[in-house]
Amino acid sequence: GAGVSQSPSNKVTEKGKDVELRCDPISGHTALYWYRQSLGQGLEFLIYFQGNSAPDKSGLPSDRFSAERTGGSVSTLTIQRTQQEDSAVYLCASSADTNSNQPQHFGDGTRLSIL
Amino acid sequence: AQTVTQSQPEMSVQEAETVTLSCTYDTSESDYYLFWYKQPPSRQMILVIRQEAYKQQNATENRFSVNFQKAAKSFSLKISDSQLGDAAMYFCAYRSGLHASGGSYIPTFGRGTSLIVHP
């Protein structure tokens, strides 16, 4: 498809398990962003990639969170030893690059529920 | 650091009427962009409208228009002839411009305003 694709759409897992969230950006978009949206909250920036490198990881809440991007395309956000406070919608967005006024294009998000 | 404030957690409007959502921001930069995004229950954030700070003319997109007051650092969204499909969360966002010195290109989002449209 032409848009940003995220999988899975929903994920329910037990506390302590590891989860992997996937984002497939729009073809040709070099910039990719991960956000977290908790219930009733705005968007919390987690990390962004320019190509395969992540110049800004300042938003990652703890060392349990990591992300990678390969081939300048698909990105995975991994949460290890999940906690209940990790429950949220995780949104991915892409844009042509970071040095532009182009808006971000968002995926539908992954709703993560930690039991 | 820039901040974006949406002071209305929730707004209601009757179908076919007009509603204005408020957004204020704090910045020391002169070069920046402002955006309004819509997030329906499907969760996908959709760009509604954007404004370049250097442009004095208010942006419009069909039924959507903004009132950009640069000196007051205000960027409100007006929705005319409201439709049931306009019901959603609306987020205001700020992004440093290409020539902003030391600015972050990571957009800053407000906490959102939930718009309810009554038939």
Side-chain angles (χ1 to χ4, degrees), chain A residues 1-11 21 23 25-26 29-50 54-60 88-113, chain B residues 1-10 21 23-25 29 31-55 59 61 64 88-114:
Chain A
V4 177
S5 176
Q6 289 188 249
S7 60
S9 179
N10 291 281
K11 177 73 176 179
L21 312 181
C23 173
I26 291 173
H29 279 191
T30 60
L32 185 148
Y33 309 79
W34 283 100
Y35 295 90
R36 180 167 70 175
Q37 186 178 28
S38 302
L39 187 63
Q41 302 295 311
L43 272 65
E44 175 189 2
F45 166 74
L46 298 178
I47 188 172
Y48 91 90
F49 290 89
Q50 179 62 34
D56 189 344
K57 303 180 182 179
S58 63
L60 294 176
V89 173
Y90 290 80
L91 290 168
C92 176
S94 70
S95 63
D97 60 55
T98 57
N99 298 327
S100 91
N101 68 338
Q102 295 303 308
Q104 298 172 310
H105 299 265
F106 286 82
D108 288 347
T110 293
R111 182 178 298 280
L112 179 63
S113 301
Chain B
Q2 293 78 30
T3 59
V4 175
T5 302
Q6 293 180 249
S7 59
Q8 306 153 318
E10 186 177 287
L21 309 184
C23 173
T24 59
Y25 56 95
E29 297 172 340
D31 180 25
Y32 53 88
Y33 300 92
L34 297 164
F35 304 87
W36 277 99
Y37 285 89
K38 170 185 177 182
Q39 187 182 39
S42 65
R43 297 201 305 250
Q44 186 178 47
M45 299 271 282
I46 303 164
L47 177 69
V48 174
I49 198 166
R50 67 179 172 187
Q51 175 83 42
E52 291 90 341
Y54 64 84
K55 289 188 177 179
E61 286 287 340
F64 298 87
M89 284 290 291
Y90 286 82
F91 292 93
C92 179
Y94 172 104
R95 191 177 193 184
S96 295
L98 297 175
H99 304 293
S101 174
S104 169
Y105 299 122
I106 306 302
T108 301
F109 286 83
R111 296 181 70 162
T113 296
S114 176

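A, B, ... follow the sequence lines: proteins, then strands. Residue 1 opens every chain.
Only the backbone of Thr110(A) comes within less than 4.5 Å of a heavy atom of chain B; no side-chain atom from C-beta onward does. Heavy atoms closer than 4.5 Å to chain A are found nowhere in Tyr32(B), neither backbone nor side chain. With a 4.5 Å cut-off on non-hydrogen atoms, Gln6(B) does not touch chain A at all.
The residue among Ala93(A), Gly109(A), Gly59(A) with the most heavy atom pairs within less than 4.5 Å of chain B is Gly109(A). For the set Arg111(B), Met89(B), Gln39(B), the entry with the most heavy-atom pairs within less than 4.5 Å of chain A is Arg111(B). Of the residues considered (Gln37(A), Gln6(A), His105(A)), Gln37(A) shows the highest number of contacts with chain B, using heavy-atom pairs under 4.5 Å.
Here Phe106(A) contributes atom CZ and Leu47(B) contributes atom CG; the two are 9.5 Å apart, rounded to the nearest 0.5 Å. Residue Asp108(A) holds its CG atom at 12.0 Å from CE of Met45(B), rounded to the nearest 0.5 Å. Distance check: Gln104(A) CD to Arg95(B) CZ gives 5.5 Å after rounding to the nearest 0.5 Å.
In this structure, Phe91(B) and Gly42(A) approach most closely via the heavy-atom pair CE2-CA, 3.7 Å.
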